[in-house]
Amino acid sequence: MQTILTGDRPTGQLHIGHLFGSLLNRVKLQNDYDTYVMVADVQALTDNFNHPDKVRDNVYEVVLDNLAAGLNPDQAIIFIQSLVPEIAELTVFFSNLVTLARLERNPTVKTELEQKKDLFKGGVTYGFLGYPISQAADILTFQADLVPVGQDQEPMLEQTREVARKFNHIYGQTFPEPRALLGDFPRLTGLDGNAKMSKSLGNAIYIADEPVIIEKKIKAAKTDPQKIRKNDPGHPQICPVFGYQQIFNAVEAKNIAKECKSGRLGCVDCKRCLAEKMIAYLAPLQERRRAYASDMPKVRDIVRDGTSKANQRARQTMEQVREKMKIDY
Ligand code: TRP
């Protein structure tokens, strides 16, 4: 059986961008792959080293969101990154294979540095600049073949493949070159019209958002700026709200686009109908989330058990690595 590894940073709850970018693919493939889902607390600390409580508080939120999406703990392995020290060990060995210039060129790192100017105003840390190496280690510790992710993570996979190739070339065949698997909607626009829905930009609808919150957020969402009055002809192709209609209301989307363009459908009605569909779509996920949340001892058991399986798998890989690198004393 081939292996999937993917993960989420515990810096907040997961949102519908995560859901359609990555979570639904994990759920879909969990029976056909050895599936590892990592709560990336070490990675979260690279840009939240000064907020350890925030990371700690969100570890189980992220676990609950994965379970809410339909991950079956009898199939998939859910674990905490920092409890698998082999990942940190492999990161050190991989560090020799990646130049600083290559890290500085990584488009995801570049975009994030732009957003985190304040945090790194005294200079970027070694840990943050190097997190793509750590992410390569996340993936390759499990010798994963497939990595379900959103579009923003593609450069990370590109870099992971480079690391795998270089390691294999120098020390002998050890790692597969993993592929990214993008979701049906690999990038969701933010409620504010930003190209990416993101926890840190505060423009997201969360999987666990209550119906009234969803209504409120959608009401306030950006639409086509040229459609001021109901009868103004709209441009659905540039409207974030229409983007969500295509996901949550696929059947009616074509018609909505037509009615919006012609000026027969206004934003208020369009948004009301979207909120209804989104709330209905998320209801069974939220129900599942509540059920797990009401039994946290069980959720902690799931993670403990998953972490112990991840530990075993990681040790196997490190044995191979140590032998290949001639440090198997
Ligand atoms: N960087 C990913 C994100 O921000 C999270 C992540 C950490 C990840 N390690 C990973 C994703 C390994 C896939 C594989 O969403």
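Order of appearance sets the numbers: ligands from 1, and atoms from 1 within every ligand. Just the heavy atoms: all of them, side chains too, but no hydrogens, waters or symmetry mates, feed the values below.
- Under the 30°/60° scheme for interplanar angles, the aromatic rings of H15 and Y206 are found to stand perpendicular.
- Ring-centre distance between F175 and F142: not below the 6.0 Å cut-off.
- For ligand 1, the 4.0 Å heavy-atom shell contains residues L5, T6, G7, R9, M38, A40, Q43, Q135, D138, I139, V147, V149, Q153.
- Under the 6.0 Å cut-off for aromatic ring centres, F20 and Y281 qualify, their centroids lying closer than that.
- In this structure T189 satisfies the side-chain contact (heavy atoms from CB on, under 4.5 Å) test together with P240, sequence neighbours excluded.
- Proximity of the aromatic rings of F167 and Y171 is defined here by a centroid distance below 6.0 angstrom, and this criterion is met.
- Judged by the 6.0 Å and 45° rule, R9 forms a cation-pi pair with Y131.
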